[in-house]
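Some notes on the structure that comes next.
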Amino acid sequence: MSEPLAPQYNPSSIESGLYRWWSERGLFSPESHAPGSGEPYVIMMPPPNVTAMLHMGHGLNNTIQDVLIRFERMRGRRALWLPGTDHAGIATQNVVERELAEEGLTRFDLGRDAFVERVWQHVRETGPVILEQLKTIGSSADWSRTYFTLDEGLSRAVREVFVRLYEEGLVYRGHYIISWCPRCLTALSNEEAEKAEVDGKLWHLRYPLADGNGYVTVATTRPETMLGDTAVAVHPDDERYRDLIGSSVRLPVVDRLIPVVADPAVDPSFGSGAVKVTPAHDPADFEIGRRHELPTVDIMTPEARISLAAPPRFQGLDRYEARRRVVAEFETLQLLERVEDHRHAVGHCYRCDTVVEPRLSDQWFVRMEPLARPALEAYRNGTLQFVPERRGDDYVAWLEGIRDWCISRQLWWGHRIPVWYCEAPRCGQTSVSRTDLTSCPGCGGPVRQDEDVLDTWFSSWLVPFSSLGWPDSTPDLSRFYPGHTLVSAPDIIFFWVARMIMSGLHVMGEVPYTRIYLHGVVRDTLHRKMSKSLGNGIDPLEVVERYGADALRYSLVAGMSVGTDVILDPNDLETSFAPGRNFANKLWNAGRFILSNLESPPRPLAGNDPSAVQPDELSLADRWIIARCDATVREATAAYQRFRLNDAAGTIYHFIWSDLADWYIEQVKPRLYGDVQGGDVARAVLAQTFDVALRLLHPIMPFITEALWRRFPGRPAEASISVAPWPKLDARAEAPEALRAFGLVQELVSAVRTIRAEYGVSPGQPVRAVVSEVSPETAAAFEQERATILRLAKLSELSSGETQERIGGHAVLSDGTAVFVPQGEAIDVSRECNRLGGEVDRLLRLVQSQEQKLGNAQFVSRAPSDVVERERQKLTTWKEQWEVLVKKRELLGCS
RNA sequence: GGGCGAAUAGCUCAGCUGGUUCAGAGCGCCUGCCUUACACGCAGGAUGUCGGGGGUUCGAAUCCCUCUUCGCCCACCA
């Protein structure tokens, strides 16, 4: 710890070492510090996919969680941030299938067991990668509790919940139209079929009436489905078609007679008012088909090629090729009435973006309405709070319109559905079981397990309790359920967040968390979501390498306000991340300066210790920085609590850079160098305020704050800032006075500096300053900080009162104090007159508008009296300032 | 089609309960400085019809209406 600190902060030289030190000491475990004390505070990390590589979305999401968990940990809560990885059924299976494809193999070549083994092999390699990456950005999760959604324990939870829901009648097997991905060859839930607007066409097709008297026109966006049409439907009240109801039309191309049925689901105002009915390929048509007992003709294979149910010349064609051929035949038959452009929403597989195909099949579903009701109630009665609030609207809308959840997937990678079918011919019993079955519980005959696996989200929706040991009653479960805050990107509200609430309420009887913080999405400067396919991503690890993890975190946090997106420029890392790096460097150097002046522990700033600094030893500057520090504690703490992390970052940044570094450190230098008295007091104040600043900043920039904090003299070697107590408020009675008084000192110094710059006085050249119209309080402040003023404004002399000199720079401070910096004959008087003239005009305008306002009887009578009083004060101040400058102009002889 | 949000300096964004933060910050830009913590720095400076229009109010960047433009979510008008 005693080696000298380099003048330039080098994050890579300290970050990994500090992280290792934290982990070795187990600081991220809720058991690690102050055992038994503090209420628990629990965040469930959204488990990244096992195959994932860290991207900015992870970076943002995990930085926010880490800030919150570190904040609460320092505030004395028993903080548990529980990490895990998700087996990510479709995604992971796709990755391994792609690997196989490169070897010229498919999963079917390997067979189920060998394929699953192959996926495990892959997952064992890639699984730890993302977690290691999360560590490099400083994530203080409790890695000793890391779970995997396919772990034995979590699998048991999955099975228990499936069986329970089945027993409660909430899990059922059904024959319905579901969204099917023809590339992944599996069913998808409604949420997994993402609607995207596409420019399509609307084909108007003529179906000839069976009696030869004309035709009826139907419109479709998917003409190929006509191969499976089994009816034409019209609205029962539609006059145009009344006579056709009950008759038949001849389905062209297929040459089949199909009935015209009347169904209220048809909208008579759309298109021709007649609609083709394809029960096997459209959910609405399926319902119509049901009501009219229409046959279903499934014309598509799982790969979305035309099946044997269609005429031979179409069989085996891809759906889009079949579409072209069907349209061509209609054209040839002169039955294609017209084609129009039609923009509409089409479902796309959320994993591979393939257009999904509505498909009729047997799947397992969860009945959602009974689960949604309590979840809705928990929001309405205020138990759940969304940040930002408006996200609650989405939640409500989704729950209110909830549809049953298709949970079976035709995949091999995942939790096998715990259902066995008896193969005995006369039994055929379906058994749902917590334990694997080898024979039929009904007849003892042979059984066959359902081939399908469960939706990945069926395991992740249980994580808030399954990761804590449920269904066993473990100490962790009783201690850490329910949790507190859930931090998520908005895109998984329905996949994950809302479903966890439902499972938590249903299984545990309590919501898994009460605050849901939904942050924004990381986008590029064109506001496009960062993605691999667009190639507009920024690699967080590259940022860590070049700027440090703290700079990455700072930029993400500071660039984001509650619920808004984070815009980063992939082509210009400097603009986004240099501020964080610069700030880290500033902090590092302030730390270097302060620590180098603290060879031994400083005197305590307060308390009963006889060596403690007494109040009357504090200078105005000391009292000022202590007051500023206190305000910063107050503001930063409030900001963290309100999830306003950018405010917290900004407040602390300003305190460290503008107050502590720019003013206090500069003020304190002569005292430290022994030129004036009070060095030990300055050291005490520096140590105290810097320590507080480091602790306030630690949640956002954990590495550099730890590195500096550990180096304080007298700090025990094992102490870590990550479990240091959060700074307490320490309000001093004189705070407002100190803020005002030192503020005027700052104004005076700035005024002189401005005049110096205005007149090109070289930096080394001392000048004199004369102040007049000084109130006794201001004079006292200037007197107390005379040395500071002389030094920082580079004055050879500061006097007050009138002077014979007239030529020079003039200014007026906010309290009306006049400042004069004599410039001899060298300067251009007309220029100064001009400058002052501008100021005088500005003030005059202010005064006039203010007089008007106060002259307004309405204002005086209607505005609250304190506001009126404040406005009067303003007028007085501006008038004073104006008068001072007018007098100056007269003295200068301005025209 | 339904719902929600945003528009403030060249860029990215603060501005929370209408009035002492009221027009701000950072980056960028201009000027001068290698001042013994830091040039990833110091000091000083310029830049705005607060998207347009209307309204409420003593008072509007802030509340209401409307228009424009851009997002996001939801949706079985085939």
Side-chain angles (χ1 to χ4, degrees), chain A residues 5 7-9 177 195 202 218-222 225 233 265-267 269-272 274-278 282-287 342 344-345 347 358 388 390-391 393-394 396-398 401 490-491 493-494 520-521 523 525 527 547 551 558-569 572 574-576 578-597 642 644 646-647 650 653-654 661-662 665-666 669 673 749-750 753-758 760-764 792 794 853-854 856-864 866-868 870-871 873-874 877:
Chain A
L5 304 179
Q8 206 161 81
Y9 175 55
I177 301 266
K195 287 296 168 70
L202 192 59
V218 296
T220 179
T221 54
R222 295 181 294 150
T225 60
V266 178
D267 176 2
S269 67
F270 184 86
S272 65
V275 64
K276 61 191 274 308
V277 181
T278 324
D282 184 279
D285 292 4
F286 178 76
E287 293 303 326
H342 185 68
H344 61 143
R390 69 185 143 81
R391 289 289 179 188
D393 296 347
D394 297 345
V396 167
W398 184 73
D491 54 352
I493 295 183
F494 308 135
V521 174
R523 299 177 183 279
T525 46
H527 294 204
Y547 301 94
M560 163 209 70
S561 69
V562 173
T564 64
D565 290 339
V566 179
I567 311 292
L568 298 173
D569 188 350
D572 181 15
E574 198 66 13
T575 297
S576 302
R581 176 204 54 197
N582 296 352
F583 180 43
N585 192 241
K586 184 73 184 181
L587 181 63
W588 182 254
N589 279 289
R592 248 172 19 108
F593 175 82
I594 292 168
L595 292 170
S596 69
N597 282 289
R642 298 170 65 196
R644 302 187 63 112
N646 58 330
D647 283 352
Y653 178 98
H654 182 266
D662 287 349
I665 286 182
E666 291 308 324
K669 278 175 179 172
Y673 298 153
V749 170
S750 292
R753 282 170 172 172
T754 302
I755 292 168
R756 296 181 65 108
E758 199 78 32
V761 180
S762 78
L792 298 186
K794 266 226 173 78
K853 190 185 231 179
L854 287 162
N856 183 338
Q858 299 272 40
F859 172 71
V860 180
S861 61
R862 294 198 193 188
D866 60 315
V867 170
V868 175
R870 212 162 51 213
E871 296 299 315
Q873 293 284 337
K874 270 204 263 188
T877 303

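Every chain is numbered from 1 and lettered A, B, ... according to where its sequence line falls, protein lines coming before strand lines. Any value given below was found using the heavy atoms of this structure, including those in side chains, with hydrogens, waters and symmetry copies removed.
For B:A78, there is no paired nucleotide, since no Watson-Crick or G-U wobble pair has both relevant distances below 3.5 Å. Under the Watson-Crick and G-U wobble criteria, each requiring two contacts below 3.5 Å, nucleotide B:C4 is paired to B:G71. Checking B:G48 for Watson-Crick or G-U wobble geometry (two distances, each under 3.5 Å) identifies no partner in any strand. Of all nucleotides present, none satisfies the Watson-Crick or G-U wobble test against B:G18 with each distance under 3.5 Å. A 3.5 Å limit on both hydrogen-bonding distances identifies no Watson-Crick or G-U partner for B:G28.
Residue A:R642 has its side chain nearest to B:C16 when only B:C16, B:G41, B:C74 are considered. Counting only heavy atoms from C-beta on, A:Q8 has its side chain closest to B:C40 among B:A14, B:C40, B:G19. Here B:G26 is the nucleotide among B:G26, B:U20, B:C40 with the atom lying nearest to any side-chain atom of A:Y653. Nearest nucleotide to the side chain of A:T564, out of B:G41, B:A14, B:A78: B:A14. Picking from B:A43, B:G19, B:U12 the nucleotide with the shortest atom distance to the side chain of A:A863 gives B:G19. Looking at the side chain of A:R753, the nearest of the listed nucleotides B:G32, B:A43, B:A37 is B:A43. Of the candidates B:A37, B:G26, B:A43, B:G26 carries the atom nearest the A:P579 side chain, counting heavy atoms from C-beta on. With distances taken from any side-chain atom of A:P763 to the nucleotides B:G32, B:G44, B:C13, the minimum falls on B:G32.
For the OP1/OP2 pair of B:G44 and a distance below 4.0 Å, the side-chain nitrogens and oxygens of A:S750 include at least one atom meeting the criterion. Applying the 4.0 Å criterion to OP1 and OP2 of B:A37, one finds that A:K669 has a side-chain N or O inside that range. Contact annotation: A:Y673 side-chain N/O to B:A37 OP1/OP2 distance is under 4.0 Å. Proximity of A:R581 to the phosphate of B:G41: no side-chain N or O atom is located under 4.0 Å from OP1 or OP2. Of the side-chain N and O atoms in A:K195, one or more sit less than 4.0 angstrom from OP1 or OP2 of B:C76. Listed pair A:T754 / B:G45 meets the phosphate criterion, a side-chain N or O lying under 4.0 Å from OP1 or OP2. Between A:H342 and the phosphate of B:C77, there is no side-chain N or O to OP1/OP2 separation shorter than 4.0 Å. Contact annotation: A:N646 side-chain N/O to B:C13 OP1/OP2 distance is not under 4.0 Å.
Residue A:R222 is out of contact with every strand shown, counting any heavy-atom pair closer than 4.0 Å. Looking at heavy-atom distances under 4.0 Å, A:E574 makes no contact with the nucleic acid at all. Residue A:A284 is in base contact, counting any heavy-atom pair closer than 4.0 Å across all strands shown. Heavy atoms of A:V277 sit nowhere under 4.0 angstrom from any nucleic acid atom. A:D569 comes within contact range of no nucleotide atom at all, as no heavy-atom separation falls under 4.0 Å. Contact annotation for A:A857: no contact, since no heavy-atom pair falls under 4.0 Å across all strands. A:D267 comes within 4.0 angstrom of a nucleotide base, judged by non-hydrogen atoms across all strands. Base contact: A:I665 has a heavy atom under 4.0 Å from a base atom. A:K874 comes within contact range of the sugar-phosphate backbone alone, with a heavy-atom separation under 4.0 Å but no base atom that close.
Counting atom types as modelled, A:K586 pairs a side-chain N or O with a base atom of B:C38 as donor and acceptor under 3.5 Å. For A:E666 and B:A37, a side-chain-to-base donor-acceptor distance below 3.5 Å is present, hydrogens and geometry of angles not being considered. For A:R592 and B:C38, a side-chain-to-base donor-acceptor distance below 3.5 Å is absent, hydrogens and geometry of angles not being considered.
Rounded to a whole angstrom, the distance from the C1' atom of B:C64 to that of B:G18 is 13 Å. Distance noted for atom C1' between B:C16 and B:C34: 44 Å (whole Å). Going from the C1' atom of B:G48 to that of B:A39 covers 31 Å, rounded to whole Å. Atom C1' of B:U8 sits at a distance of 16 Å from the matching atom of B:U21, rounded to the whole Å. Nucleotides B:A9 and B:U17, compared at atom C1', are 27 Å apart to the nearest Å. Nucleotides B:C33 and B:A23 have their C1' atoms positioned 31 Å apart, rounded to a whole Å. Spacing between B:A7 and B:U62 at atom P, rounded to whole Å, works out to 11 Å. Nucleotides B:G2 and B:C67, compared at atom P, are 13 Å apart to the nearest Å.
Positionally, the nearest nucleotide of RNA chain B for A:A558 lies more toward the 5' end than for the other of A:A558 and A:D285. When each of A:T575 and A:A345 is assigned the nucleotide of RNA chain B bearing its nearest heavy atom, the one mapping closer to the 5' terminus is A:T575.
With rounding to whole Å, A:D647 atom CG is found 7 Å from B:G15 atom P. Counting to the nearest Å, the P atom of B:A78 and the CG atom of A:D282 are 9 Å from each other.
Put simply, CD on A:E758 and CD1 on A:I755 are 8.5 Å apart, with the number rounded to the nearest 0.5 Å.
Side-chain contact between A:V218 and A:V275 is absent, with no heavy atoms from C-beta onward closer than 4.5 Å. Side-chain contact between A:L568 and A:V566 is present, with at least one heavy-atom pair separated by less than 4.5 Å.
Ring orientation note: the planes of A:Y9 and A:W588 are tilted relative to one another, at an angle of 30° to 60°.
Cation-pi geometry between A:K586 and A:Y653 is not met: the NZ or CZ atom fails to fall both under 6.0 Å from the ring centre and inside 45° of the normal.
Under 4.0 Å is where a charged nitrogen must lie from a carboxylate oxygen, and between A:R222 and A:D282 at least one such pair does.
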